[in-house]
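Note on naming: letters A, B, ... go to the chains in the order of the sequence lines (proteins, then strands), and numbering restarts at 1 for each one. Computed over heavy atoms, backbone and side chain alike; hydrogens, waters and symmetry mates excluded. All figures in this text were calculated on a predicted structure; none of them were measured in a lab.
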There are 2 protein chains.
Amino acid sequence: MSQPPWQPIAPAKPARPAKEPLTRDRIVDAAMRVLTQSGYEAVSMRKIASELGTGPASLYAHVANKRELDQLLVERTAEQMVFDDPIDPDRWQEQLKATMREMLRAMRANPGVARAAIGAVPVGERALRTTERILTLLKAGNVPDQAAAWAVDLIPLYVTAVAFEETVQSASDWTPEDVERFVNNLRTYFEGLPADRFPLTVALANQLTSGADGDARFEFGLTVITAGLAALAPTPLTPTPNPNP
Amino acid sequence: MSQPPWQPIAPAKPARPAKEPLTRDRIVDAAMRVLTQSGYEAVSMRKIASELGTGPASLYAHVANKRELDQLLVERTAEQMVFDDPIDPDRWQEQLKATMREMLRAMRANPGVARAAIGAVPVGERALRTTERILTLLKAGNVPDQAAAWAVDLIPLYVTAVAFEETVQSASDWTPEDVERFVNNLRTYFEGLPADRFPLTVALANQLTSGADGDARFEFGLTVITAGLAALAPTPLTPTPNPNP
DNA sequence: ACCTGAACACCGTTCAAGT
DNA sequence: ACCTGAACACCGTTCAAGT
């Protein structure tokens, strides 16, 4: 109506600009998309940039470098972990295992992130809830302070290493048949070793090559670590009958 | 004397050719040199080639690809592990720890190899001695077959993950002062967290950030894993007084 | 302040051509 | 059979120039 005739047809101030402005969040979103779709190897500054319709140089206004971006991907994953089971001191071992299972679940949901996580401790507020939860469970189990603190390192180390091992297999464009063939070859190889020098490797060829697919190996690690931590408590079995002497 | 005059001055068949022929071994030697001097990131087909005075394409006649070369570096490292302590069933836990320490020692002696090792199980004959040794020690400890077999996976997983964590720090051109400053910042950060939501993280800030430098953390893991494995034995404590009933 | 094109110094791998 | 130069399709990061 009162539009002056020299006003261009396109509105001078569109509701939103044609291009969303670049933000840290949008960069991490794009990186996460590339990560879960194509794995860690595919996450490059250039790919993320082209995903966002810009050049790689543009990212450096918001992210210091690739290492920082890796760190942000790990934080994102840590934020996806859900721990709503209220802590019950009597079930601390089972709850610790459940916590580790949830950590693995979140890493599996973001295939490839384990590679970025293996050297990076997440220190974001959301991620620290995992630390606090692990500490609470270990204190419930009467594990000494220093042991509990180091366990906070050991536990994610194990979970991350397992998740990483899994992605190495799947990243190398192997089909499930390829994996099965490889495992069979490995078993045959173990069985054919000189029995005088490798008696147990030959005898246990079956056990050595079993459980590569499912969760059995992971569960085994949970059991070993939990039992090992429980053994560190000064009084691992007595149920503290009376707090007053 | 009887040399025909048209014979060129340079001998037609020199004792050895000016260039040593390329072999798998020479390639791995060069890769190992680059690895220990400049870390895993620096190990590239091109760098190795130029180290050998040739182009990258030449390597592919002897090595399938970079993954295979990584595997070969891991084998080399496994070959450097020395286990000459004869197995003593009564000391199986201490000997298992010593075995893991020797594994870590060899990985530390080849900085960066952990990165290549983390997804690659060494299956060379020399490396299988480690497997056989671990199995023997666990059988001495009365650990069930399947548990022992899975432990063969768990144990190198832990050692490799620790070694890798160490190299991530040192690879990122941090001085020891940088590391100390980082650890101090981290402790201050933990101490300053809201104590109502993170009571244990605040209270254990000191313990959480201690032992980052030395072997204490690694030793902690050895203790946890060994104790956890010992707990899997059906009769972990009874010394089998009489084999006949 | 934020974004960009272009450049720098790298990668792993392939392939036709040489010896 | 082994080796090579050149090329292909990529990297992370920097920087001067634009808006």
What are the two closest heavy atoms between B:Val123 and A:Tyr189, and how far apart are they? O-OH, 2.8 Å
More than 12 foreign heavy atoms under 6.0 Å from CD of A:Glu180: is that the case here? no
Output all residues satisfying ring-ring contact (aromatic ring centres under 6.0 Å, His included) with B:Tyr40, sequence neighbours left out; order by chain, then residue number. none
Salt bridge (Lys or Arg N to Asp or Glu O under 4.0 Å) against B:Arg76, all qualifying residues, sequence neighbours excluded: B:Asp25, B:Asp29
Step through the shown structure and confirm whether more than 12 heavy atoms of other residues, nucleotides or ligands are within 6.0 Å of NZ on A:Lys47. no
Writing each nucleotide of DNA chain C 5' to 3' as (, ), [, ], | or . by Watson-Crick or G-U pairing under 3.5 Å yields ||.|||||...|||||.||
Please give, in whole Å, the distance from C:dC11 C1' to B:Tyr40 OH? 12 Å
In whole angstroms, the gap separating P of D:dC10 from CD1 of A:Ile48 amounts to 16 Å
Taking only residues two or more places apart in sequence, or in another chain, which ones meet B:Arg197 in a salt bridge (Lys or Arg N to Asp or Glu O under 4.0 Å)? A:Glu125
N/O (side chain, A:His62) to phosphate O (OP1/OP2, C:dA1) under 4.0 Å: no
Tell me whether A:Arg129 is salt-bridged to A:Glu132, with the criterion being a basic N under 4.0 Å from an acidic carboxylate O. no
With B:Glu79, which residues qualify under side-chain hydrogen bond (donor to acceptor under 3.5 Å, both in side chains), at least two apart? none
Can you tell me the distance, in whole Å, between the CD atom of A:Glu41 and the C1' atom of D:dC11? 12 Å
Pairwise P distance for D:dA9 and C:dA9, with rounding to whole Å: 23 Å
Just the rounded figure in Å: distance from P of D:dC11 to CG of A:Leu69. 14 Å
At less than 4.0 Å, is any side-chain N or O atom of A:Ser58 found next to OP1 or OP2 of C:dC2? Yes or no. no
Pairs: protein N or O with nucleotides 12-14 of chain D N or O, under 3.5 Å:
residue: D:dG12; atom: OP1; partner: A:Met45; partner atom: N; Å: 3.2
residue: D:dG12; atom: OP2; partner: A:Met45; partner atom: N; Å: 2.9
residue: D:dG12; atom: OP2; partner: A:Arg46; partner atom: N; Å: 3.4
residue: D:dG12; atom: N7; partner: A:Arg46; partner atom: NH1; Å: 2.5
residue: D:dG12; atom: O6; partner: A:Arg46; partner atom: NH1; Å: 2.7
residue: D:dT13; atom: OP2; partner: A:Tyr60; partner atom: OH; Å: 2.8
residue: D:dT13; atom: OP2; partner: A:Lys66; partner atom: N; Å: 3.0
residue: D:dT13; atom: O5'; partner: A:Tyr60; partner atom: OH; Å: 3.3

